[in-house]
Amino acid sequence: MPRTVSQPKPRSDRAERRRLDVLDAERFDLLIIGGGISGACLLWDATLRGLRAVLIEKNDYASGTTQATSKLIHGGLRYLKNGEFRLVRESLRERRTLAAIAPHAVRPEAFLVPIYHKRGTPGWMMGLALRIYGWLSWDRNRGLMDGLRLPGARWLDRDAALAEEPALDPRGLKGAYLYYDYANLNPERLAVEFILSAIERGAIARNYLRAGAVTRDASGDFRVAVRDELSGESTAIRARTVVNAGGPWADYLEEALTGKVERALVRSKGIHLVTRKIIRDKTVVGIKPDGAHLFLIPWRGRTLIGTTDTEYRDHPDRLTVSAAEAARVLEDVNAMFPDACLSLADIDYFYGGLRPLVEDARNQSSYNASRKMEIVDHAAAGFSGFFTVLGGKYTTSRALAEKTIDRVCASLNQPERKCTTAVTPLLGGGFSSSAELCETLSREFPHAPVRKINTLAARYGAIARRILADESERARADDACLAISEEEVFYLDEIRHLILHEGVERIGDLLFRRSGIGTAGPVGETVLQRLVEYCGDLLGWSRAERKAEREATHARYRLA
């Protein structure tokens with residue numbers, strides 16, 4: 001007899017789940033504006049230190065610069081060229097910290113740097129840089145599980161280099177250096193996990209909530225007007241301190257809130273392309289004629305190519321990726337890898353983002369501008385307790401948050417509270433090895449297939465336990481999974497958990513920033529239809545809204 005499959009229980013209607021009275025009913029210690037990796041780390045740190053904190057983001061979490069990385073957690077090898085040893089050391093230390101607190105989110109990644117005769121970086125220079133890189137990462141494996149330990153760099157002769165990667169141009173090839181950093185297959189999700197971990201400890205976060213005018217009341221508290229971009233309703237949030245973590249929007253937001261800009265930004269535009277597979281299993285570092293690097297990264301059965309680095313002068317809201325820009329990247333790749341023969345038809349997915357640089361890059365390229373971080377205290381401008389965080393990079397965001405929350409606590413005259421984010425696991429962490437986690441889940445959920453447990457544990461770490469525990473009757477039915485490709489399967493109870501518990505409001509939130517289903521290329525129309533209907537059932541979308549979500553997804557894959 002066929003089993004009756006229950007329908008998914010809705011997450012509640014939009015008006016109920018997005019109520020604003022919970023925001024205007026209390027006085028917060030800290031309001032964070034911006035839901036990228038910087039804001040996410042700020043919320044996590046503040047919450048662990050006992051501050052009552054709230055985060056707002058005008059779009060979805062991790063939908064700005066955070067979704068536009070090269071999907072690497074790296075120490076910044078190329079910054080050695082600028083003599084930024086302190087930045088590299090900090091990046092390497094934070095690389096290890098992220099592997100410790102979120103072991104499910106990173107994987108060791110091998111990098112090949114080909115060395116050519118009279119072309120690109122001289123071998124002696126790269127060898128010296130890697131030796132310094134090794135010295136600066138002397139503690140890279142301290143306290144990490146076996147599967148995350150990184151080997152040191154080594155030299156491969158010409159034949160060994162070509163054996164590792166036959167796609168390398170053999171003309172003038174002398175050999176290649178092999179070194180290791182980490183890959184992060186879903187940096188958007190990791191940023192969201194910082195937010196979810198903070199919410200678990202009592203914080204509040206809202207996506208699609210835009211900041212407006214700011215005032216101060218007689219007590220000195222800030223009152224920031226906010227507007228819900230989905231419901232159209234407005235209110236004001238009262239907070240003792242505010243941190244502007246707007247990334248490439250930070251100076252616009254600073255001017256809107258304070259009437260002036262103390263530290264203007266230089267915005268660097270970077271684009272990435274996902275194409276058919278043209279390399280094997282190691283990232284290849286190519287050097288373009290202008291000296292800039294270009295990564296070719298093995299990724300989900302495809303090749304991820306990026307990044308570009310050009311100064312951007314338009315408003316961040318108007319950022320697009322054009323066919324002409326994509327064609328120039330492919331031209332560079334085809335020149336470095338003659339057998340690739342890539343064309344626009346080979347692009348499955350693309351994305352672009354803006355890096356907010358705090359160094360004046362007018363006299364140098366944005367590629368060479370520093371990735372240093374800066375914390376601006378607006379007390380001198382009459383806004384004591386208002387801070388702006390600028391610059392930095394994904395890998396060092398936790399450290400930026402630690403330094404910023406130190407300032408916030410001092411502004412609040414709080415007793416000194418030690419930062420613990422370097423040793424406190426995120427929701428998906430807290431296990432000793434991947435094998436141990438999978439074995440434990442198999443004992444706890446004996447009905448679950450081994451493949452499902454292994455897949456969920458690899459994607460979500462310890463959060464897999466919550467997904468398996470929340471399994472619905474619908475999820476146990478024969479049609480309980482969606483095959484995205486021959487290698488990748490997503491489960492309905494996995495998708496249901498993301499929608500019900502991780503702040504999904506639009507189909508793009510699910511496809512591009514929670515699951516990553518859509519970031520390797522367009523899903524089939526049948527799969528998209530099922531996802532939209534499933535999401536719509538849980539979130540109470542109308543027919544018109546479901547149609548609009550499908551159309552928005554299609555538009556996401558079209559170059560400008």
Side-chain angles (χ1 to χ4, degrees), residues 70-81 88 92 95-96 99 106-138 140-141 144 146-185 274-289 291-307 329-330 332-342 487:
S70 296
K71 304 188 185 297
L72 301 172
I73 301 296
H74 66 94
L77 174 63
R78 72 180 180 86
Y79 306 144
L80 291 175
K81 184 175 66 173
V88 174
L92 290 167
R95 182 187 70 180
R96 174 172 54 81
V106 301
R107 299 288 185 276
E109 180 74 13
F111 290 71
L112 275 177
V113 186
I115 302 298
Y116 289 92
H117 182 65
K118 294 183 179 181
R119 177 155 52 113
T121 305
W124 69 266
M125 185 179 296
M126 182 56 65
L128 177 60
L130 286 170
R131 180 169 295 183
I132 296 172
Y133 201 60
W135 290 338
L136 292 173
S137 63
W138 59 272
R140 63 184 177 273
N141 294 322
L144 298 182
D146 289 342
L148 296 180
R149 294 176 180 269
L150 300 179
R154 60 189 176 95
W155 169 255
L156 304 177
D157 63 23
R158 183 181 187 277
D159 291 341
L162 287 171
E164 290 288 348
E165 185 46 77
L168 292 175
D169 185 355
R171 297 171 297 179
L173 180 67
K174 299 170 69 175
Y177 281 102
L178 176 66
Y179 76 97
Y180 293 82
D181 267 317
Y182 287 125
N184 176 10
L185 295 185
V274 177
T275 70
R276 60 176 168 81
K277 184 176 181 179
I278 62 172
I279 57 170
R280 286 187 175 178
D281 61 348
K282 293 178 176 61
T283 290
V284 179
V285 183
I287 305 296
K288 299 190 294 183
H293 73 281
L294 197 66
F295 287 138
L296 278 75
I297 304 168
W299 192 66
R300 296 172 67 183
R302 296 168 172 82
T303 297
L304 173 62
I305 302 169
T307 178
V329 173
L330 298 182
D332 286 333
V333 174
N334 289 334
M336 290 185 285
F337 301 88
D339 293 335
C341 301
L342 291 173
E487 297 82 19

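- For residues 115-129, no residue pair satisfies the side chain to side chain donor-acceptor pair (under 3.5 Å) rule, not counting sequence neighbours.
- Listed here is the closest heavy atom pair of N141 and L150: OD1-N, 2.6 Å.
- Residues passing the ring-ring contact (aromatic ring centres under 6.0 Å, His included) test with F295 are F111, H293, sequence neighbours excluded.
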Requested in this report: Please step through side chain to side chain contact (heavy atoms under 4.5 Å, CB included) for the pair R276 and L342, ending with a clear verdict.
Outcome: CA-CA 8 Å; R276 60 176 168 81; L342 291 173; 3.8 Å; yes

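- Looking at Y179, its side chain never comes within 3.5 Å of a backbone N or O of G134 through a donor-acceptor pair.
- Within 6.0 Å of CZ on R149 lie more than 12 heavy atoms contributed by other residues, nucleotides or ligands.
- The only option from L148, L144, L72 that meets the side chain to side chain contact (heavy atoms under 4.5 Å, CB included) definition with V106 turns out to be L148.
- Under the 4.5 Å side-chain criterion, counting only non-hydrogen atoms from C-beta, I297 is not in contact with K71.
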Side-chain polar contacts of residues 160-167 - donor-acceptor pairs under 3.5 angstrom, sequence neighbours left out - could you list them?
from	atom 1	to	atom 2	distance (Å)
E164	OE1	K282	NZ	2.7
E165	OE1	R280	N	2.7
E165	OE2	A167	N	3.0

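- Sorted by first then second residue, the salt bridge (Lys or Arg N to Asp or Glu O under 4.0 Å) pairs that include residues 171-183, not counting sequence neighbours, are R95-D181, D169-R171.
- Residue pairs meeting the side chain to side chain donor-acceptor pair (under 3.5 Å) criterion with at least one partner in residues 294-307, sequence neighbours excluded, are R300-E488, R300-T519, R302-D348, T307-R355.
- Among residue pairs with one or both ends in residues 152-171, those qualifying as ring-ring contact (aromatic ring centres under 6.0 Å, His included) are W155-Y177; sequence neighbours excluded.
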